[in-house]
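Order of the sequence lines fixes the chain letters, A, B, ..., with proteins taken first and strands second; residue numbering starts at 1 for each chain.
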There are 2 protein chains.
Amino acid sequence: MAATLKDVAKLADVHSSTVSRVLRGNQDLRIPEETRRKIFAAAKVLNYYPDQTARSLRMKKSYSIGLILPDITNPFFARIARSIEICSYDTGYTMIVCNTDEDQAKEDHIMNSLFSRGIDGLIIAPVQNSIEHIRELKDQKFPFVLVDRFFDEMETNAVVSNNEDSAFDAVEYLVQNGHQRVAMIQGRKELYTIKKRVIGYKRAVEHFLLDNSPELIAGDGFCMEDGYEAAKQILNLDQKPTAILISGNLVTVGAIQAIIDMGLVIPDDISIVAYADNVFSPYLIKPLTTVSHPLTEIGTRAFELLKEHMESERPLPYSKIVVQSCFEERKSVKNLLA
Amino acid sequence: MAATLKDVAKLADVHSSTVSRVLRGNQDLRIPEETRRKIFAAAKVLNYYPDQTARSLRMKKSYSIGLILPDITNPFFARIARSIEICSYDTGYTMIVCNTDEDQAKEDHIMNSLFSRGIDGLIIAPVQNSIEHIRELKDQKFPFVLVDRFFDEMETNAVVSNNEDSAFDAVEYLVQNGHQRVAMIQGRKELYTIKKRVIGYKRAVEHFLLDNSPELIAGDGFCMEDGYEAAKQILNLDQKPTAILISGNLVTVGAIQAIIDMGLVIPDDISIVAYADNVFSPYLIKPLTTVSHPLTEIGTRAFELLKEHMESERPLPYSKIVVQSCFEERKSVKNLLA
DNA sequence: TTGAAAGCGCTACCAT
DNA sequence: ATGGTAGCGCTTTCAA
């Protein structure tokens with residue numbers, strides 16, 4: 001059995017409240033060196049570690065945070081989770097990760113379970129089929145930060161990427177390389193980030209007067225098969241595009257596979273720009289021009305923002321932090337003007 | 001503020017202990033339907049959720065488990081973590097994941113922190129630079145399960161793969177395809193699983209009377225660069241091998257890159273069998289003959305074993321579960337006999 | 001069938 | 001400078 005404060009107190013021949021004070025290191029109270037020494041010695045002998053459960057109950061603070069993500073198996077979220085974990089570890093918080101699989105009911109259930117466990121704060125990439133439980137967080141003034149996703153209709157803390165701009169920029173880059181017909185394989189349509197990318201894409205198409213046929217936007221879902229099918233569909237159009245903007249790691253692999261299967265060559269026959277994570281790129285043999293997200297920064301800033309809100313006496317104003325995507329030029333885009 | 005038992009009791013006009021009994025659903029006590037109804041109604045109205053912290057303190061059981069892994073960012077461990085999380089979620093446990101980065105000091109610290117949080121059990125892929133803290137778990141009769149790694153000198157619960165056999169089998173497969181000089185790029189040398197694979201490889205080399213030059217074993221570490229360097233080194237030997245057995249996802253990518261850079265073609269010039277996870281394979285464009293691990297099964301069985309031990313009244317005997325690797329034949333091995 | 005009371009281990013307040 | 005004590009919210013005996 002683990003030693004308790006009382007055990008230490010008995011061994012050091014003082015009262016348990018004194019032990020608590022000494023071990024918590026309350027500076028302002030001057031405690032004789034002799035007493036401190038006795039107590040530390042006793043704690044050492046008994047290998048005393050404070051019972052966090054009791055502490056949490058008493059202090060109404062658990063030094064733990066919740067992290068709710070779609071799926072930790074996705075390298076994108078794994079990397080964000082990891083950087084949050086590092087921050088938590090460094091500052092004495094314990095992080096509890098849960099996965100929703102994009103299931104709203106599961107998200108609701110997880111949130112309740114985390115609350116009954118007394119988390120001090122929450123970081124969440126919400127499913128976004130419902131907004132009520134998030135609104136309740138606001139109402140309760142509970143500290144939380146959204147990551148990767150945002151509710152445009154509601155002010156909250158959030159750390160998100162500039163998806164709309166990065167999609168616009170990607171198309172602009174293709175235009176500068178002489179492309180006039182640019183397709184998009186979008187990934188899961190109803191997702192916040194995807195919607196933003198599509199908006200950026202459309203804005204660019206309009207702005208640069210590109211071919212705006214609706215068939216140029218295809219795909220739904222994040223599996224390899226989704227990418228494979230969408231690419232086939234697009235490349236079988238009468239008016240084939242010269243370039244494709246692709247969203248999603250596995251979608252990209254699927255699309256490349258389709259291109260190979262159709263006997264086409266990147267970038268000679270078709271140019272590619274992909275939203276693909278840096279964690280993912282090493283796994284690919286083909287060099288790829290990519291738009292990627294600063295995942296470590298997203299995690300770090302989300303944690304810092306949360307910490308600020310958790311440790312503030314009074315409610316703080318919300319911050320929406322927009323991090324910049326990173327564009328990396330590699331040999332998957334042909335310059336048609338050259 | 002969250003509602004407490006007392007709040008519910010007041011609203012339902014009964015004592016809090018009665019509420020506790022009813023809400024815990026103690027069957028054996030017959031409580032009038034009327035009372036139950038009142039209590040459930042009150043709980044509903046107040047949106048009551050039990051305070052797990054208080055419950056844990058009282059019951060000396062937290063319904064939480066710890067999971068200590070090298071790095072959740074590694075798809076191998078991410079997949080194991082995910083399957084354990086699913087099991088936990090389904091059975092009402094909360095899982096706390098921590099990463100060691102293969103740092104023994106960090107592992108020790110994490111274990112203490114998890115204990116002071118009152119976890120009921122632990123699943124761990126240990127760094128293995130030290131064995132003392134694991135021995136202590138045994139001494140304390142604390143429920144724990146090792147995954148992926150094992151201490152040959154100590155009996156414990158564990159779920160591991162048959163690395164030695166799978167390496168032997170992989171070499172045998174190459175022999176059956178006519179290969180007589182088989183190299184090995186080993187990954188991080190001092191790792192338990194790697195040592196086992198090397199033993200299996202060496203046993204096969206001896207058994208099938210293959211070229212046993214020590215230069216045929218190369219590499220140390222799990223980065224792409226490690227794989228790249230090791231492959232170059234091996235392929236620059238005077239007596240080049242005809243096949244390589246590679247350990248590690250990124251190591252494999254690095255090795256393939258080196259092969260491409262040297263102007264060689266797989267499998268025409270060099271055959272490859274890789275220890276690569278199924279989660280990883282989709283990311284590769286080149287088809288690869290692989291040895292992979294049943295990650296979901298590893299996680300599931302580890303959790304089930306842990307649960308058995310956590311919920312048993314008396315200490316149970318330890319189980320070492322060996323799961324079978326999966327060999328998948330694809331077009332990266334040339335048949336020299338054909 | 002239900003209420004009263006003790007106590008899990010800790011911290012913080014009030015004494016001295 | 002230190003001890004005593006109350007109480008966080010819950011479960012669980014013991015009484016009635």
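- OP1 and OP2 of dG9(D) both lie 4.0 Å or more from every side-chain N or O belonging to T4(B).
- Separation of atoms CG (L5(B)) and NE2 (H15(B)) is listed at 10.5 Å; rounding is to 0.5 Å.
- Here T53(B) lies out of heavy-atom contact (under 4.0 Å) with every strand.
- Taking atom NZ of K61(A) as the reference point, atom P of dG9(C) lies 23 Å away to the nearest angstrom.
- The existence of a salt bridge linking E33(A) and R37(A) is excluded, since no basic side-chain nitrogen approaches an acidic carboxylate oxygen closer than 4.0 Å.
- Taking the six-membered ring for Trp and thresholds of 30 and 60 degrees, Y93(B) and F303(B) have ring planes more than 60 degrees apart, a perpendicular arrangement.
- Distances shown here put every side-chain N or O of Y48(B) at or beyond 4.0 Å from the OP1 or OP2 atom of dG9(D).
- In this structure, L5(B) atom CG and dT11(D) atom C1' are separated by 9 Å, rounded to whole Å.
- One can place CG of D7(A) at 13 Å from C1' of dC10(C), the figure rounded to the nearest angstrom.
- Across all strands, T35(B) comes closer than 4.0 Å only to sugar-phosphate atoms, never to a base (heavy-atom distances).
- Here R58(A) does not pair with D51(A) in a salt bridge; the nearest charged N to carboxylate O distance is not below 4.0 Å.
- Taking side-chain N and O atoms only, R21(A) has no distance below 4.0 Å to OP1 or OP2 of dT2(D).
- For the side chain to side chain contact (heavy atoms under 4.5 Å, CB included) with L69(A), the lone residue among D101(A), V97(A), I124(A) that qualifies is V97(A).
- With the nearest nucleotide of DNA chain C identified for both A2(A) and V14(B), V14(B) has the one nearer the 5' end.
- OP1 or OP2 of dG4(D) sits under 4.0 Å from a side-chain N or O of H15(A).
- A straight line from NZ of K6(A) to P of dT2(D) spans 20 Å, rounded to a whole angstrom.
- Listed pair S17(A) / dG4(D) fails the phosphate criterion, with no side-chain N or O lying under 4.0 Å from OP1 or OP2.
- Looking at which nucleotide of DNA chain C each of M59(B) and T18(B) is closest to, the 5′-most match is held by T18(B).
- Taking atom NZ on K10(A) and atom P on dG3(D), their separation rounds to 15 Å, with Å as the unit.
- Neither OP1 nor OP2 of dC10(D) sits under 4.0 Å from any side-chain N or O of Y49(B).
- Computed from coordinates, the Q52(A) CD to dC8(C) P distance equals 19 Å when rounded to whole Å.
- One atom, CZ of R117(B), and another, C1' of dC10(C), lie 14 Å apart when rounded to the nearest Å.
- Between the CG atom of D13(A) and the P atom of dA1(D) there is a distance of 19 Å, given to the nearest Å.
- For the OP1/OP2 pair of dG9(D) and a distance below 4.0 Å, the side-chain nitrogens and oxygens of R55(B) include no atom meeting the criterion.
- Under a 3.5 Å cut-off, the side chain of D120(B) and the backbone N or O of Y63(B) do form a donor-acceptor pair.
- Distances shorter than 4.0 Å separate none of the side-chain N or O atoms of R58(B) from OP1 or OP2 on dG9(D).
- For the OP1/OP2 pair of dG9(D) and a distance below 4.0 Å, the side-chain nitrogens and oxygens of K60(A) include at least one atom meeting the criterion.
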